[in-house]
Every structure is written in C-alpha cells, then in structure tokens.
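Everything below concerns the one structure shown next.
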Amino acid sequence: MPSLVEVFNRDVVLSYLRPNPVAVSPLVQSGAFVSDESLRPLLTSGSSTFVVPYINGVDGNVEQNYGNTILTDIAMPRFIDAGEMQGRVAFMNEGFVESVLGQYLSKVNSLELIGGMLNKYWQQAAENRALATVIGLRNYDQANGKRFTTDISLATATDASRWSVDAYIDAESTMNASLRGRGVMFVHSRIAAKMRKQQLLEQVTTSDNLPPITVYNGRAVIETDTNTQIGTGANAKFITILAGPRAFAYDSVPGAKDLKVEETQSTGNGAGHEILWTRRNMLIHPQGFSFIAPKDTLTGGTARESLSASWADLQKAENWNLVSSVEDTSIRFLITNL
C-alpha cells in the first residue's frame with residue numbers, strides 16, 4: 001500500500017472538496033441555515049467574537065394611520081424591534097493518522113475518496129454544533145419559563161401523550177405563521193421510525209446536484225439520539241426540536257494551513273507517523289439569541305487557552321440570552337411519549 005506522503009496531492013484533494021461542505025446538509029437545503037455576504041468578514045478577520053444586528057419584522061396586523069386636514073392631529077411612529085446578537089467563531093481542526101486512511105490509500109481513486117470523507121466530516125461537524133446549540137437553547141428555555149416548549153408527555157404514557165401529527169401541529173402553531181411548514185427538525189430514531197410506520201416521511205430533491213432529503217410536513221428531518229430522550233422504557237419521553245427558516249446564521253471557510261501532511265519522527269517511539277490535518281473556521285449562530293459565555297469559562301481548546309465554544313459550552317443554559325421576542329424566533333421544543 002502506498003504511503004500518505006507518496007499519494008497525497010493537495011490540489012487534487014481540493015478539487016474534490018466542496019467550497020462549502022455543509023451545503024448538502026438538510027440544515028442548508030431546508031433553509032434553516034442562511035448566510036449572506038456580511039458573515040464572511042467575521043470569519044476571515046481573525047476575531048473570535050462578533051456582534052451582528054437583527055431587525056424583526058413589522059406587524060402588519062396593526063391598523064395604519066389615516067391622514068386628515070387637522071393641523072394639531074399628530075401621527076405617532078411605531079417602533080421597530082431591533083438590536084444586536086453576540087456570538088463566537090469556532091476554530092476547528094482534526095488530524096488523521098495514515099493508518100486510519102489505509103482503506104482509502106489502497107484504492108485507485110484514493111484522493112477522491114479522501115475528499116469525500118472530509119466533505120462528510122465537516123458536514124457532520126456543522127450538524128453537531130447546531131444540535132449542541134439547540135440543546136443549549138432548550139436548557140435555557142427550561143430555566144426561563146419554558147416559553148419555547150410544548151410538553152404533552154406524562155409520567156405514565158397514554159394515547160394523548162404520544163407523538164402524533166396533532167402534537168407536532170400544536171407545537172409549530174406557537175411560531176409566527178411565516179415560519180411554519182419549513183426548516184428542519186431533529187428527532188430521535190424511535191420517533192423517526194414511528195413517522196415511517198405512519199407513512200408520513202417523503203424524499204425530496206431540492207437541487208439536481210444534491211442528494212434528496214427526508215421531509216416531514218415540509219420540514220427536513222435529521223435523526224439523532226443525542227439528548228433527545230429522557231428516561232427509558234415504556235414511559236420514556238422524547239424531545240423533538242423544530243428549527244424554522246433562517247433559524248441559524250452560518251458560514252465556514254478553510255482554516256489557515258488546511259490540508260497539510262505532517263511527518264513526525266519521534267512518535268511511535270521513534271517509528272514516526274504521517275498525519276493529514278484539516279482545518280475549518282465555522283460560524284453557526286441561532287437568530288434572536290446571544291452567546292454570552294465569558295472567555296475564561298470556554299473549554300473549546302486546551303487548559304491553557306480556549307478560543308472556541310465546545311459542544312459542552314453550547315449546551316449550557318447560562319451561556320445563552322434571548323435578545324429578540326419569542327414570537328420572532330423559529331426554534332421550538334416538543335416533548336412527548338412514544
């Protein structure tokens with residue numbers, strides 16, 4: 001089998017990498033992840049924190065002023081709900097020892113396979129950061145009035161407390177009407193299985209060059225058993241997380257010295273190793289919230305310095321603060337029995 005150093009060609013691997021590996025994720029295809037040109041400078045500036053403005057929509061259900069001819073009748077303007085959100089960029093990297101890549105190096109199209117592996121790796125990294133974020137928002141909600149939560153679960157499950165399309169519609173109805181029927185939902189594998197048994201899932205292709213996604217009532221479905229089940233047995237409770245369109249601002253760029261091969265000499269007690277390093281800077285931030293963790297409490301790094309928020313940091317209730325109104329955010333939590 002050829003060695004990593006013998007096979008590796010950075011330019012060829014780059015040709016197999018998507019400019020944005022997250023593009024194929026249901027989070028992007030569903031519209032839950034949105035990006036614009038204002039985000040890229042936040043990633044390339046070198047700053048680990050950012051502040052971006054938000055403006056909520058104007059309520060068109062409030063009747064307008066009507067003009068007249070009376071000089072002393074003064075029309076009062078309406079206020080626009082606007083403010084700032086605070087967030088943090090994640091500076092991430094991962095190394096793969098040559099032995100891990102052996103199954104790829106033995107193939108004729110080894111560099112294409114390595115490129116595909118890295119595309120999938122960074123897609124999963126983005127989805128896991130988004131999941132950790134919404135878990136943190138749920139913990140925040142649990143500690144602050146449960147305004148985002150619809151909980152029909154019971155200590156002893158009944159037909160009325162189980163997952164159903166009615167329960168889903170009730171949870172979604174707490175959102176602004178413009179945010180319903182689109183976006184993404186994180187569900188436990190047992191809830192997803194129940195959806196399939198009820199024949200409520202469909203495969204939808206959003207673009208000719210992207211794989212189809214699984215959709216439930218207009219929402220892309222991501223299965224995960226991470227922090228989506230409370231308890232065990234017949235009375236276990238399941239957390240379904242809904243994220244509507246534009247729920248997250250996101251962007252990502254390759255980090256400095258991305259796709260470099262390191263040859264070590266002292267590791268392996270002098271035998272040495274060959275390691276492929278990939279690096280990516282990523283911004284994933286929920287609309288309407290600020291990430292307020294003090295820098296000295298972060299754990300995304302080492303004991304000597306942590307510049308990024310780890311999954312554990314993202315999941316802490318105290319690290320989040322709602323800066324918008326509940327009605328103008330599109331993240332909701334549904335708790336049911338099975």
Side-chain angles (χ1 to χ4, degrees), residues 25-27 29-32 124 127-128 130-204 212-245 247-248 286 311 314-315 317 320 322 326-327 329-338:
S25 170
L27 286 162
Q29 294 195 58
S30 68
Q124 291 176 331
E127 291 176 353
N128 283 324
L131 177 60
T133 295
V134 291
I135 290 170
L137 297 182
R138 177 180 179 270
N139 291 334
Y140 168 85
D141 185 49
Q142 291 292 299
N144 290 275
K146 303 180 182 180
R147 293 173 292 172
F148 297 88
T149 299
T150 300
D151 187 352
I152 65 168
S153 66
L154 295 173
T156 301
T158 67
D159 287 343
S161 69
R162 303 186 192 281
W163 164 271
S164 68
V165 66
D166 289 341
Y168 164 82
I169 291 173
D170 287 343
E172 192 182 50
S173 69
T174 64
M175 295 181 185
N176 186 295
S178 65
L179 303 175
R180 301 173 198 160
R182 295 180 294 156
V184 72
M185 58 195 300
F186 295 90
V187 301
H188 191 277
S189 58
R190 294 182 67 187
I191 296 295
K194 188 168 187 178
M195 291 174 172
R196 285 192 294 271
K197 291 176 182 177
Q198 296 174 343
Q199 298 184 341
L200 295 175
L201 296 178
E202 59 180 330
Q203 295 292 307
V204 174
I213 57 175
T214 303
V215 172
Y216 175 85
N217 275 315
R219 290 185 183 273
V221 175
I222 296 178
E223 285 189 39
T224 177
D225 290 351
T226 302
N227 290 300
T228 52
Q229 180 175 344
I230 304 171
T232 58
N235 298 314
K237 299 179 180 181
F238 295 88
I239 303 167
T240 297
I241 304 166
L242 310 182
F248 296 91
W311 294 354
L314 294 173
Q315 293 180 45
W320 294 101
L322 178 66
V326 174
E327 295 74 19
T329 59
S330 64
I331 294 174
R332 294 292 187 273
F333 308 99
L334 170 62
I335 306 177
T336 65
N337 301 110
L338 184 61

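Given the structure is predicted, the values throughout are model-derived calculations rather than measurements.
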When rounded to the nearest 0.5 angstrom, what is the spacing between OG in Ser189 and CZ in Arg196? 8.0 Å
Heavy-atom closest pair, residues Arg332 and Ala171: CG-O, 4.2 Å
If every non-hydrogen atom of Ala247 is compared with every non-hydrogen atom of Ile331, which pair is closest and at what distance? CB-CG1, 4.3 Å
Just verifying a value: how many Å separate Thr156 OG1 and Asn235 CG, rounded to the nearest 0.5 Å? 5.0 Å
Does the distance from a Lys or Arg side-chain N to an Asp or Glu carboxylate O, for Asp159 and Arg162, drop under 4.0 Å? yes
Of the options Ile222, Thr224, Leu131, Val184, which is the one that meets Ile241 in a side-chain contact (heavy atoms from CB on, under 4.5 Å)? Leu131
Backbone N or O of Arg147 within a donor-acceptor pair of the Asp141 side chain at under 3.5 Å? yes
Look only at the side chain of Asn337 and the backbone of Leu154, and say whether a donor-acceptor pair between them is shorter than 3.5 Å. yes
Partner residues of Phe333 under the ring-ring contact (aromatic ring centres under 6.0 Å, His included) criterion, sequence neighbours left out: none
Nearest heavy-atom pair of Asn227 and Ile239: which atoms, and what distance? O-CD1, 3.8 Å
Please report the interatomic distance CG(Leu27) to CD1(Ile213), rounded to the nearest 0.5 Å. 9.5 Å
For Gln229 and Ala236 the tightest heavy-atom approach is NE2-CB, 3.8 Å
Indicate yes or no: at least one non-hydrogen side-chain atom of Leu201 is less than 4.5 angstrom from one of Val221. yes
Can you measure from CG (Leu338) to NZ (Lys237) and round to the nearest 0.5 angstrom? 14.0 Å
Looking only at heavy atoms, the pair that brings Phe248 and Ala130 closest together is CZ-O, 4.2 Å
When you check the side-chain N and O atoms of Thr214 and Glu202, is any donor under 3.5 Å from an acceptor? no
Keeping Tyr216 on the side-chain end and Ala192 on the backbone end, is there a donor-acceptor pair under 3.5 Å? no
Can you tell me how far apart CD (Gln198) and CH2 (Trp163) are? Round to the nearest 0.5 Å. 9.0 Å
Keeping Ser161 on the side-chain end and Ala157 on the backbone end, is there a donor-acceptor pair under 3.5 Å? no
Mark yes or no for whether Glu172, through its side chain, and Gly181, through its backbone, hold a donor-acceptor pair below 3.5 Å. yes
Whether over 12 other heavy atoms sit under 6.0 Å from Gln199 CD: no
Arg219 side-chain N/O to Ser30 backbone N/O, donor-acceptor pair under 3.5 Å: no
Mind checking whether Glu127 and Pro26 have side chains closer than 4.5 Å, heavy atoms only? yes
Within the structure provided, determine whether Ile191 and Met185 are in side-chain contact (heavy-atom separation under 4.5 Å). no
Flag for Asp151-Thr149: side-chain donor and acceptor within less than 3.5 Å: no
Have a look at Tyr168 and tell me which of Thr336, Val187, Leu242, Thr150 forms a side-chain contact (heavy atoms from CB on, under 4.5 Å) with it. Leu242
For Ala132 and Gln315, work out which heavy atoms get closest and say how close. O-CG, 3.5 Å
Is the closest side-chain heavy-atom distance between Phe148 and Thr329 below 4.5 Å? yes
From Arg190 atom CZ to Phe238 atom CZ, the distance as rounded to the nearest 0.5 Å: 4.0 Å
